[in-house]
Amino acid sequence: MTPSLRRSLAAARGFATLSLAALLAAAGCASSAGQQQSASANSAMAVQPAITVDGDIAEWPADSAVAADEHYIYFRFSVENEQFTLQGAPQTLAIMIDADADATTGKRVDLGRAAALGVDLEVLFSPSKAMGGTGRGVAIWAVDETGGRTPLSSTDYDFLFSPTYASTWYEARITRTPDFAGPLPIAGMLSDGEVRGTIATLDDMGGVDAWADPFTIDLGPVCESGRRQFRADIPARPAGAVRVMSYNVLRSAPASNPQPFKRIFDAVQPDVILLQEWDEGGAAAVQSWFTANVPAERGWNIRHLQGAGVAVVSRYPIDPLFEQPVTTSEGNRPVRVAGAKIATPAGVMTAASVHLKCCGTKGSSEDLRRMDEARAINAAFGKASDQANAQLRIIGGDLNLVGSRPPLDLLRAGIDIDGSDMAVVNPGVLGDRSFYTWWEDGNEFSPGRLDYLVVSDSGAQVVNAFVLDTTRMSEESLARCGLDKSDCAASDHRPMVVDLIAR
């Protein structure tokens, strides 16, 4: 079904078509590791590939933009001819859900001849101050018949969307088994039956400005076991592979809270670690911490950029990669990047840990600064890697990709061994169908993918790639790995891991 545009008062404001279509879905608990049973509104039941919230909509059927299983409802949507950062947008975008398909419950929203909804649940991107927001981030509200709102936790509702940067298409999901449901009706979304809704843009006072064709989705029973916990163990490192981890450790947190990080490093067993936000004590303190907490047969080797919090930590011998600190071409400002040339058993590796400028939106000064920093790293890393004749090349870290995508592409442009772009590694969260690397409970920003790895795919093969989040793992998996459920909450970032084998 191809949606038609529904417009109301603000046609001149520049927000064009909201693309949305509907899909009927029903699935049992067994589908959590398999496929979703889905059917379009005008077709017979069909098997649909499982939706992964990664910002890539390739697995979606061409005419579908809503799907569900026993755990989540999934959405994909687009604002035609517009690209902006959803959590820092010029206008509020809303996912409006009539959770029980009953127009007499929830806030009545009249979409003209299209439909009348009783909206019980709203997910608002960049909610205005008049709506109780700050103009940025994500807010989730239960809504009653009077329009009164009850704030809900994005953590309780396991809400995710991707990508965090400005894009043509977005994907999102919201759980059907929240830890705290709030005053939502039980029928439909939280049990089984029909759910209706739309995706709309709102004016500053919360009035509907433009909307997509409303959807109706018939949900099968919710999974009775509640929030999904994954029986997923950490993959073993293949023979001949070099295991690399990238990890933003939140303001030198291992120094004051060593045990969660010790358990994570012991469980993952990385050979090379790209660290961000560890500045306390400098290189000597980082080396001392690893020697005391994560013993290695030949000890640990460190390259650390003092004052920038970035470091490369290696079980193998290392040499400096950059002859002098990397600075931007605009303003000659220092860039947070630490580099090392590493003598691995698989061959010479060049590795860089990076931490780009934070904050901002598409086209902001922060976004432009990230681009400038990415260009500087690209030039310095490419030159040094060529001089080292490195077959294994990897750059990783916190790119703070909350504005636009170009910083990622500028970082990797033309510096693979064969002169092509380095490849973006796509590590999903271990056991889950989602891509995020940052999560902070209670933050106005929802979880998202801020951290990236790029590798020389002409010189190396990616064998395993994953993001570790202990809060997702079952008790059995945690016990086998020697981890605690709260370990990954020691930082607001999750560790990314990749296994590389030389071609």
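Computed over heavy atoms, backbone and side chain alike; hydrogens, waters and symmetry mates excluded.
- Side chains of Ser364 and Thr361: no donor on one and acceptor on the other come within 3.5 Å.
- Minimum heavy-atom separation, Thr437 to Leu450: OG1-N, 3.0 Å.
- Inter-residue side-chain proximity for Ile415 and Ile395 is flagged as met; some heavy-atom pair is nearer than 4.5 Å.
- A donor-acceptor pair shorter than 3.5 Å can be found between the side chains of Asp158 and Tyr72.
- With hydrogens and angles ignored, the 3.5 Å screen pairs a side-chain donor or acceptor of Asn378 with a backbone N or O of Leu410.
- Panel note: side chain Asp120, backbone Ala99; a donor-acceptor pair is recorded below 3.5 Å.
- A side-chain donor from one of Thr155 and Asp441 sits under 3.5 Å from a side-chain acceptor of the other.
- With Arg494 contributing its side chain and Ser491 its backbone, the two residues share a donor-acceptor pair below 3.5 Å.
- Salt bridge Glu366/Arg370: absent, no basic N to carboxylate O contact under 4.0 Å.
- Formation of a donor-acceptor pair under 3.5 Å by the Thr201 side chain with backbone atoms of Leu93 is not found in this model.
- No side-chain donor-acceptor contact under 3.5 Å links Arg196 to the backbone of Gly118.
- The two residues Val402 and Thr85 have their closest heavy-atom pair at O-CG2, 2.9 Å.
- In this structure, the side chain of Ser446 does not engage the main chain of Leu160 through any donor-acceptor pair within 3.5 Å.
- Rounding to the nearest 0.5 Å gives a distance of 9.0 Å between OG1 of Thr104 and CG of Asp98.
- Within the 3.5 Å criterion, the main-chain N or O of Leu219 finds no donor-acceptor partner in the side chain of Glu194.
- By the side-chain contact (heavy atoms from CB on, under 4.5 Å) test, Asp416 is found to be paired with Asp418, Ser420, Met422, Ser456, Asp457, Ser458, residues two or more places apart in sequence or in another chain being considered.
- To the nearest 0.5 angstrom, Asn400 atom CG is 11.0 Å from Asp367 atom CG.
- With 3.5 Å as the limit, one finds a donor-acceptor pair spanning the side chains of Ser353 and Gln276.
- With sequence neighbours excluded, the residues satisfying salt bridge (charged side-chain N to carboxylate O under 4.0 Å, His left out) with Asp409 are Arg405, Arg412.
- Neither side chain, Asp54 nor Thr52, offers a donor N or O lying under 3.5 Å from an acceptor on the other.
- Here the CD1 atom belonging to Ile97 is positioned 5.0 Å from the CE atom belonging to Met189, to the nearest 0.5 angstrom.
- Here OG1 of Thr198 is found 8.5 Å from CH2 of Trp211. Values are rounded to the nearest 0.5 Å.
- With sequence neighbours excluded, the residues satisfying side chain to side chain donor-acceptor pair (under 3.5 Å) with Asp487 are Arg263.
- Looking only at atom types and distance, the side chain of Thr146 has a donor-acceptor partner in the side chain of Asp144 under 3.5 Å away.
- Using cut-offs of 30° and 60° on the angle between ring planes, the pair Phe125 and Phe77 is tilted.
- Taking CZ of Arg173 as the start and NE2 of His71 as the end, the distance is 10.0 Å to the nearest 0.5 Å.
- In this structure, a donor-acceptor pair under 3.5 Å is present between the side chains of Thr168 and Gln83.
- The ring pair (Phe, Tyr, Trp, His ring centres under 6.0 Å) test applied to Phe381 returns no partner, not counting sequence neighbours.
- The shortest heavy-atom contact between Asp203 and Asp209 is N-CB, 4.1 Å.
- There is no side-chain donor-acceptor pair under 3.5 Å between Tyr247 and Asp451.
- The shortest non-hydrogen separation linking Val337 to Ala352 is CG2-CB, 4.0 Å.
- Closest heavy-atom contact between Pro214 and Leu111: CG-CD1, 3.6 Å.
- Residues passing the side-chain contact (heavy atoms from CB on, under 4.5 Å) test with Ala308 are Leu305, Val310, Arg336, sequence neighbours excluded.
- Between Asn426 and Arg449, the side chains place a donor N or O and an acceptor N or O closer than 3.5 Å (distance only, hydrogens not considered).
- With Ser477 contributing its side chain and Ala232 its backbone, the two residues share a donor-acceptor pair below 3.5 Å.
- Here CH2 of Trp438 is found 11.0 Å from CG of Leu250. Values are rounded to the nearest 0.5 Å.
- Taking the ring pair (Phe, Tyr, Trp, His ring centres under 6.0 Å) definition, one finds that Phe466 meets it with nothing, sequence neighbours left out.
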